[in-house]
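In what follows, a structure is listed as structure tokens, so that the remarks can point back to it.
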Amino acid sequence: MKLFLSACLIMCLAIVSLFIGVAEISSYEEFKSVVFLSRLPRTLAVILTGLSLSVAGVVMQALAKNKFVEPTTTGTVEWAALGILMLLIFWPEAPMSIKLIIACLFSMVGASTFLFILSRIQLQSDLIIPLAGIMYAGVISSVITFIAYRFDLVQSIWIWIQGDFSMILKGRYELLWLSAILCVLAYFTADQFTLASLGKNTALNLGLNYHLTLFWGVTIVALISGITVVIAGIIPFVGLVVPNIVSLIFGDHFRKSLPWVAIIGTGLVLACDILARLLAYPYEVPVSTVMGVVGSILFLILLTKQKHHA
Amino acid sequence: MRIKSSNLIKATTAIALSALVSTAYAKTIEHTQGKTELEKTPTNIIALDLAAVDTLSTLGAKITGLPKPHAFSYLEEFAGDEYISAGSFWEPDFETIAATQPDLIITGGRSQKQYPAMSKIAPTIDSTVWGEGFLTQFYNTTEMLADAVDKTDVADAQLDAIKARIETIKTSDLNNKNALFILTSGGKISAFGPGSRFGWIYDDLGIEPVVKDVEAETHGDPISFEFLQKVNPDMIFVMDRDAAIGQDSNAAAALLDNELVHQLTAYKNDDIVYLDGYAWYMVSYGLTAMDIQLSEIEAALGIK
């Protein structure tokens with residue numbers, strides 16, 4: 001019931017999002033073209049991105065067995081950006097599908113190397129994992145900057161991967177449906193992730209094919225990261241904040257919490273995109289900037305909340 | 001006695017001559033970062049700014065070296081082996097520049113921050129043109145560069161021609177459409193208004209801006225296709241930044257090829273003008289760059 005009510009709330013946000021835009025609509029013809037070519041695709045893109053980024057965050061957290069990681073703080077997204085940079089240098093006119101494949105392959109490398117590094121370091125505190133992730137992401141980002149600097153592409157690459165929905169039109173977001181399908185698949189395999197998050201030994205004792213689950217999780221995270229980076233750019237904090245809010249309220253049972261993660265994630269990104277369009281109207285602020293501010297505030301609130309619980 | 005006096009005459013003549021030489025060639029060049037003394041007309045010049053490369057070569061002065069990675073499009077000849085590669089705008093090759101023993105270094109625009117470091121190697125002048133009063137600054141900088149290499153006559157003639165063309169554009173009856181200047185980069189669009197980096201087309205050429213309050217930032221305000229549809233300019237000038245720096249040249253056209261753009265007046269009347277990004281963005285205020293830019297505006301407005 002609560003879930004249904006929240007879904008209605010998201011619908012309201014989506015409808016608000018449909019009505020925000022620069023164009024003035026005076027005839028039915030204009031309405032048709034603006035809504036179907038621009039507004040509806042944009043709203044759908046925002047919904048699909050919010051949904052899949054937060055699910056990717058949850059899966060990443062289960063795989064790393066830590067609540068303070070997400071694809072943008074563990075190098076996965078940076079690897080996707082590195083892939084796009086390589087294309088900018090060697091094949092600038094590459095079609096969208098190639099960009100997508102390259103970005104996904106690179107994020108796959110990123111996510112798996114991060115998990116490999118985790119399996120190799122001695123963990124003395126829960127903070128080591130997010131710190132290792134941030135350092136790893138920092139190293140990859142400096143590699144990107146170094147290469148981009150050499151090729152005079154620093155501005156291009158950062159503009160390319162800055163999270164922003166302003167250029168979304170009919171025909172330019174449809175690949176995001178793929179990441180929504182991945183989220184549905186993640187829901188059906190949610191129990192495996194719950195088991196995997198208990199640790200390798202426990203999971204193996206409970207009869208889980210641990211390595212297969214790990215591989216499946218990495219695939220989900222990498223594909224979602226790759227797709228969203230290519231279509232919408234990097235949007236930080238969604239995958240970090242949303243799962244933490246949900247786990248504070250609903251606990252850590254994946255099958256139960258995943259729908260909530262999806263709904264809250266969608267709502268958060270929808271709200272931020274609406275803000276991004278209104279703050280400097282009729283111009284736009286990149287949604288990643290808005291999300292950076294909103295997300296970090298939410299994260300700080302969550303951190304203080306968690307102390308009370310402990 | 002006779003020997004002594006002849007010696008004295010020789011010495012005096014020598015002193016007088018050397019004084020004459022130094023007064024004849026000593027020149028003080030005033031530029032955006034101060035004053036620089038030149039002892040003679042420089043012949044071994046390192047230009048770290050493309051506009052300076054463009055202007056000097058248009059004036060007929062020879063340069064020795066430049067940031068070669070940025071020399072392409074109409075400045076492609078400067079990528080040849082007869083020129084020394086002086087690094088990039090942001091990362092000049094100090095060793096090579098010093099080893100060349102230049103008698104003049106020119107910084108400007110993207111390399112203006114190198115001015116203090118370059119001044120330690122050789123006499124350096126800065127030729128940056130930025131911000132308010134683009135055209136006035138362009139005239140002054142061109143005169144300043146021409147003065148440094150003793151080509152003032154050539155520069156005057158060229159600038160007079162440019163001023164005449166600008167006057168024609170400004171007063172032409174054909175200059176009656178409103179316009180929007182956009183820059184595309186990394187698949188995004190930003191808009192430029194009066195007072196901005198490309199604002200001189202409104203401010204100095206008298207083209208009517210379709211929106212007046214676009215903020216004057218380096219890369220403009222980001223806009224959506226709906227914004228284009230709402231303001232619906234008569235003309236759209238498109239600067240493809242990715243093409244300007246040597247990337248995929250069809251990026252801007254591909255980005256603008258969609259149903260929303262197809263509904264715009266500018267699209268229907270074939271008034272979306274794709275500009276030479278290298279001249280507008282990379283070089284910007286060189287003499288030949290200015291000639292290219294004005295030609296494009298003239299062609300867009302239908303002025304011969």
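Quantities reported herein were computed from a predicted structural model and do not represent experimental measurements. When reading the values below, keep in mind they use all heavy atoms of this one structure, side chains included, and skip hydrogens, waters and symmetry mates. Below, read A as the first sequence line, B as the second, and so on, with proteins coming before strands; counting in each chain starts at 1.
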TODO: Quick one: pull up CD in Glu226(B) and CZ in Arg277(A) and give me the separation to the nearest 0.5 Å.
DONE: 8.0 Å
Task: Spacing of Ser185(B) atom OG and Trp160(A) atom CH2 [to the nearest 0.5 Å] - done: 11.5 Å
- [ ] With a 4.5 Å cut-off on heavy-atom pairs, point out which of Gln263(B), Glu259(B), Gln229(B) contacts chain A the most.
- [x] Glu259(B)
Open item on the list: Need one label for Leu228(B): side chain, backbone, both or neither, based on atoms under 4.5 Å from any heavy atom in chain A.
Closed with: neither
What closest approach, in Å, do [X] and [Y] show between heavy atoms, and which atom pair accounts for it?
X         : Y         : result
Met167(A) : Ile223(B) : CE-O, 3.2 Å
Ile159(A) : Lys188(B) : O-NZ, 3.0 Å
Ser166(A) : Ser224(B) : O-CB, 3.7 Å

Does atom [atom1] of [X] have more than 12 heavy-atom neighbours, drawn from other residues, nucleotides or ligands, at distances under 6.0 Å?
X         : atom1 : value
Tyr74(B)  : OH    : yes
Glu132(B) : CD    : no
Phe72(B)  : CZ    : yes
Lys68(B)  : NZ    : yes

Open item on the list: Quick check: under 4.5 Å, non-hydrogen atoms only, which of residues 75-90 of chain B neighbour chain A?
Closed with: Trp90(B)
- [ ] Answer with side chain, backbone, both or neither: which region of Tyr149(A) has an atom nearer than 4.5 Å to a non-hydrogen atom of chain B?
- [x] side chain
TODO: Check whether any side-chain heavy atom of Leu255(B) sits under 4.5 Å from a side-chain heavy atom of Arg172(A), and report yes or no.
DONE: yes
